[in-house]
Structures are given as C-alpha cells and as structure tokens.
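Protein chains get the first letters and strands the later ones, always in sequence-line order, with residue 1 at the start of each. Since we're looking at a predicted model, the values are computed, not measured.
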Amino acid sequence: MSSFAGRMKEYSTMSLDRFDRENLHSRAYFLSHCHKDHMKGLKAPILRRKLQFSRTVRLYCSFVTKELLLNNPKYAFWEEYIVALELESPTQISLVDEASGEKEEILVTLLAAAHCPGSVMFLFEGSQGNVLYTGDFRFAAGDVSRIEHLHSGSRVKDIQSIYLDSTFYDPRFFQIPTRDVCLDGISELVRNWISQSAYHVVWLNCKAAYGYEYLFTNLGEEFNTQIHVNSLEMFKKMPELLSYVTTDRRTQIHACRHPKAEEFFQGSRLPCGCRASDGTPLQIISIKPSTMWFGERTRKTNVVIKTGASSFRACFSFHSSYLELKDFLSYLQPVNIYPSVIPLGRTLTEVTQMLMLMCRNQSDQAATVYKPLGALKRCMVKRPTYECRPRPFSLFDAPEAQ
DNA sequence: GCGATCAGGT
DNA sequence: CACACCTGATCGC
C-alpha cells in the first residue's frame, strides 16, 4: 500500500496520488491509476469546495483513468477539472499560484506503467531537474530501455530522483514469473478443465480492483469466449476490453463477484448463481490470482498450485519483483530514489539504505573499482546489469522464501 | 447523517 | 505467499 505523502522534493507545488492535508493547497494534481489507496482525499468535500473557487487547478491523468474515475458517481464532480493526457506526449503545464500570480512551467510525459488499465508513470522535466514518479508498475527486465522519453538520442536522460513503487523491493521477492509464464500456466489449467464438457466452468476469484483485465482478454482470445463479470459500465468506452467481457452468464469462464462468493463456491455455485439450463449441476473450479515469488536460489516450481479439491492459486503480480526493480534502477541510475511503499516487516530506514546502493554515486563509485572510465558511459544499448555491477546486496539477502 | 479509522475478512 | 478493497463497529462532529 502506498505511503507516499503526495509531494516530491523537487516540485512541491503539485501533488500526486494524495489529495488530503497539505496537498489541498497544490497548484496541480496527478493521478497515476484508479486504485483507492492512491486516491486518498480525492472525493473529500473540502477539496471539492476548493476546486469550485479555483480557475487553474486541474487533475492530470490518462484517458483510461479519467474514464474509470468518472464512471464512479462519487468522483463524477471531477469532470470539469480533469485534463486527460495522451501517453508519450510531452505536455507543458503552468503551475500557478492564484494568490500571487507566480508561475512555474513544467513538462510532463505519461509513460504506460503496465499495472492496471490506465496506469501511468509521470516524467517531469523542469528547473529542478528530471524526476520520475513511477506510480505502481510491473516492468520486466529490459522494458525500461525501450521507453523513448527516458532517453535523449541514444543516451539515458539524467534523472535526479525516482519516486519508486518499492512494493517488492526486498530480496524475499527476488523473482516473480513473467506475465507470459503465468498466463500460460493459467491457460493450461483452464483448457484442461473446460474441455471436459460444457458443464465444466472456471471461476476466476479476482479482487474488487482494476488490473485483472489482461487476464480476461488473453483467456478470451485463447478460448474464443467472453468472461462473465458483474458490470460492463466502466468499460463502455473501451471497445478493446468490452469485447472480452459479458453479463451473459452462459459462458464457461466467470470472474463475477458476490460478498458471499466463497460460501457459494463451497456449495458448488457460482457467485452469479448461474445454473445449466437442463438442470445438470455445473462442475466448478476456482482460480485465485495471487502473488507467488521465489528466492534467489529457489528452483522455480509451478505457477499454479492446487489448494483444495477444486481450488487453485495461480501466480499473478501487479508489481515488479526485486530483480525487475534492480534492472529498472541500474539502467536509469538516478541521483536519488525514494520508496513509496515499505514492504511488510521492513522499516523506512532499511529500504532507504538498500535503495541508496542503487543510486548513481554508489554504483559509479563501486563500478570504478572494476571498470575503466570509458565503460561508465550511460547509453541506450542493453547491458548485462547484474554481471557488470558489484552486488553489495548480499548483506540483506534473506533466507529462501517459503 | 457523514466521514475517518480500525478490525477482520477474502 | 502479503494486494486491494470490502463490510461492519466505533468515534467524533
């Protein structure tokens, strides 16, 4: 869960993913994605009132985030204050103090964060340097090197600070299977079940949050079917998602929800209560997407685990693993890194110290011992980040997970 | 009546 | 396998 207070050191007149307390005075707001823990204060009457008196304060986000936000009636009042921005399109924003008229210009670029529909990172370029606020993200190793706006020609841009989704910045979460590997495991399980008969159905036991949609689109594509969900409302302007979901219960793949869904499942019923038209009882398995991780030396086991007679857990992660975060950071080599999440069982001090080792000065200092200066050039070409850097992290390496 | 916060659940 | 969010109880205004 994000514990970011909302403001960055370099550009403290704007707020990101927090809208309460000191953030009420900000000149501009940014929402990285539509998850509640990044929306604190966003529907508070006090903020709503402040907006009505302002001519310049706006909320910036992606088009998809805007759509998901406004779909919720509690946030619909934002309509006239939202500015949706295209991905990968640098946009100049004026940060205006409405009392004094004082003004600061900043360039913002939205980068797809692959966390949930509409999720983005914000790259800010201005008088206080380049700063990257990652929001929540899932990048695989190497992904960062393919983002045009983090480069200038063939060089990596000089990044002053990264405000990082450090959810899994802990050696316990050393490795998490890639999305493709997880999807393949889930597909195989689904295929083996629903191919047995038309009465064999799968219930995807997903949480009430955006982020499982790529599972629906991939399974829908693979099995040429639609997935049953509670509501299509939020996707009504997103045809590429809409075509894979349905409110028609006559399908073999369900991701519908109900407060008593677990009870229903124990009684061999789907959350939607769907029955076969001829009265034949349905054969249901549940698949619960969950984070599964592996230690540095752990031999990879199955991405699908049987947890009961008809219950399975399948690997699924919204966030980058420790290894993926190290790849990301060692490529960008920022001057500073600030964690926005403290992993369970760790302290801010601990995480900050571990992240300091990934900052530019630390890495360059260490690398100088082994490399001639010429090798320190920071370029776009993919480099073997783990082999060419010393690995001071052994101090923190946790015992094998599980 | 409303919002903030916490405990307990999945 | 630990994420994101729901429900219900309690408190303060």
Side-chain angles (χ1 to χ4, degrees), chain A residues 1-4 17-21 23-24 31-49 65 68-69 72-75 77 113-119 135-138 165-177 179 182 185 203-215 230-231 234 255-266 271 286-296 298 300-308 311-322 340-346 351 398-402:
Chain A
M1 290 298 206
S2 180
S3 58
F4 181 63
D17 290 353
R18 278 293 288 267
F19 310 92
D20 58 348
R21 306 162 75 94
N23 301 300
L24 287 167
L31 179 62
S32 68
H33 64 288
C34 214
H35 277 166
K36 295 283 189 329
D37 58 324
H38 290 252
M39 294 160 63
K40 198 166 185 206
L42 195 58
K43 61 173 158 56
I46 186 164
L47 178 55
R48 191 173 176 164
R49 259 183 75 78
T65 294
L68 297 178
L69 185 71
N72 184 335
K74 289 175 180 167
Y75 299 96
F77 72 90
H115 174 71
C116 70
S119 67
D136 284 354
F137 73 103
R138 174 92 198 261
D165 170 15
S166 47
T167 302
F168 292 140
Y169 198 73
D170 182 316
R172 273 183 300 167
F173 309 109
F174 193 81
Q175 192 238 333
I176 297 171
R179 279 205 166 93
C182 296
W203 172 44
L204 301 172
N205 182 358
C206 301
K207 302 270 167 69
Y210 298 118
Y212 300 98
E213 291 74 14
Y214 87 88
L215 185 58
N230 287 21
S231 170
M234 57 291 249
C256 40
R257 292 183 294 105
H258 186 280
K260 294 189 172 162
E262 299 280 355
E263 272 180 47
F264 283 29
F265 178 67
Q266 293 308 319
S286 77
I287 304 176
K288 178 185 264 189
S290 325
T291 310
M292 289 168 65
W293 64 85
F294 303 93
E296 187 170 2
T298 309
K300 235 194 304 176
T301 59
N302 214 323
V303 298
V304 172
I305 290 175
K306 193 163 191 196
T307 54
S311 307
F312 299 84
R313 213 184 283 276
C315 184
F316 193 94
S317 181
F318 292 157
H319 300 274
S320 284
S321 68
Y322 179 71
S340 64
V341 182
I342 307 305
L344 208 70
R346 307 217 84 117
V351 178
E400 291 303 301
Q402 83 204 323

**Q** How is A/Lys40 classified with respect to the nucleic acid when contacts are heavy atoms under 4.0 Å: base, sugar-phosphate, or nothing?
**A** sugar-phosphate
**Q** In this structure, how many angstroms lie between the P atom of C/dC3 and the CZ atom of A/Arg138, rounded?
**A**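 Atom-to-atom, A/Arg138 to C/dC3, this comes out as 13 Å.
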**Q** Nearest-Å distance, NZ (A/Lys288) to P (C/dA4)?
**A** 15 Å
**Q** Tell me: CG of A/Leu47 to C1' of B/dG3, nearest whole Å?
**A**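 So the CG-C1' distance, A/Leu47 to B/dG3, works out to 15 Å.
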**Q** Using ring-ring contact (aromatic ring centres under 6.0 Å, His included) as the criterion, point out the one residue from A/Phe137, A/Phe318, A/Tyr210 that pairs with A/His115.
**A** A/Phe318
**Q** Between atom CG of A/Asp136 and atom OG of A/Ser166, what is the distance when rounded to the nearest 0.5 Å?
**A** 9.5 Å
**Q** Name the residue from A/Met1, A/Arg18, A/His33 that meets the side-chain contact (heavy atoms from CB on, under 4.5 Å) definition with A/His38.
**A**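 Only match with A/His38 under side-chain contact (heavy atoms from CB on, under 4.5 Å): A/His33.
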**Q** Counting side-chain heavy atoms from C-beta on, which of B/dT5, C/dA4, C/dA2 comes nearest to A/Lys207?
**A**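 My answer, after comparing the listed nucleotides, is C/dA4.
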**Q** Could you tell me how far apart A/Phe174 (CZ) and C/dC1 (P) are, to the nearest whole angstrom?
**A** 21 Å
**Q** So which atom in A/Pro171 and which in A/Arg346 form the shortest heavy-atom distance, rounded to 0.1 Å?
**A**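 Heavy-atom minimum between the residues: CD-NH1, 4.0 Å.
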**Q** Could you check how far OH of A/Tyr212 sits from C1' of B/dT10, rounded to whole Å?
**A** 10 Å
**Q** Report the nucleotide, chosen from C/dC3, C/dA2, C/dC1, that has the shortest atom-to-atom distance to any side-chain atom of A/Met292.
**A**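 Shortest atom-to-atom distance from the side chain points to C/dC1.
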**Q** How many whole angstroms separate atom CD1 of A/Ile287 from atom C1' of B/dT10?
**A**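 Computing the A/Ile287:CD1 to B/dT10:C1' distance gives 17 Å.
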**Q** Please tell me which of the listed nucleotides, B/dT10, B/dG3, C/dC1, lies nearest to the side chain of A/Pro45?
**A** B/dG3
**Q** Rounding to a whole Å, what distance do you find between A/Met39:CE and C/dA4:P?
**A**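 It works out to 13 Å between those atoms.
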**Q** If you assign each of A/Phe173 and A/Ala208 to its closest nucleotide in DNA chain C, which residue comes earlier from the 5' end?
**A**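 Comparing both residues, the 5'-ward one is A/Phe173.
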**Q** From C/dC1, B/dA4, C/dA4, pick the nucleotide closest to the side chain of A/Asp136?
**A** C/dA4
**Q** Less than 4.0 angstrom between a side-chain N/O of A/His319 and OP1 or OP2 of C/dA2, yes or no?
**A**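 Checking A/His319 against C/dA2: no side-chain N or O falls below 4.0 Å of OP1 or OP2.
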**Q** Considering only C/dC3, B/dT10, C/dC1, which nucleotide approaches the side chain of A/Phe168 most closely?
**A**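 The closest nucleotide is C/dC3.
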**Q** Quick one: is A/Arg313 getting a side-chain N or O under 4.0 Å of the C/dC1 phosphate, OP1 or OP2?
**A**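 For C/dC1, OP1 or OP2 has a side-chain N or O of A/Arg313 closer than 4.0 Å.
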**Q** Rounding to a whole Å, what distance do you find between A/Phe137:CZ and C/dC3:C1'?
**A**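 Distance check: A/Phe137 CZ to C/dC3 C1' gives 16 Å.
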**Q** When you measure from the side chain of A/Thr65 to the backbone N and O of A/Gly118, does any donor-acceptor pair fall under 3.5 Å?
**A** yes
**Q** Starting from the 5' end of DNA chain C, give me the residue, A/His115 or A/Thr307, whose nearest nucleotide shows up first.
**A** A/Thr307
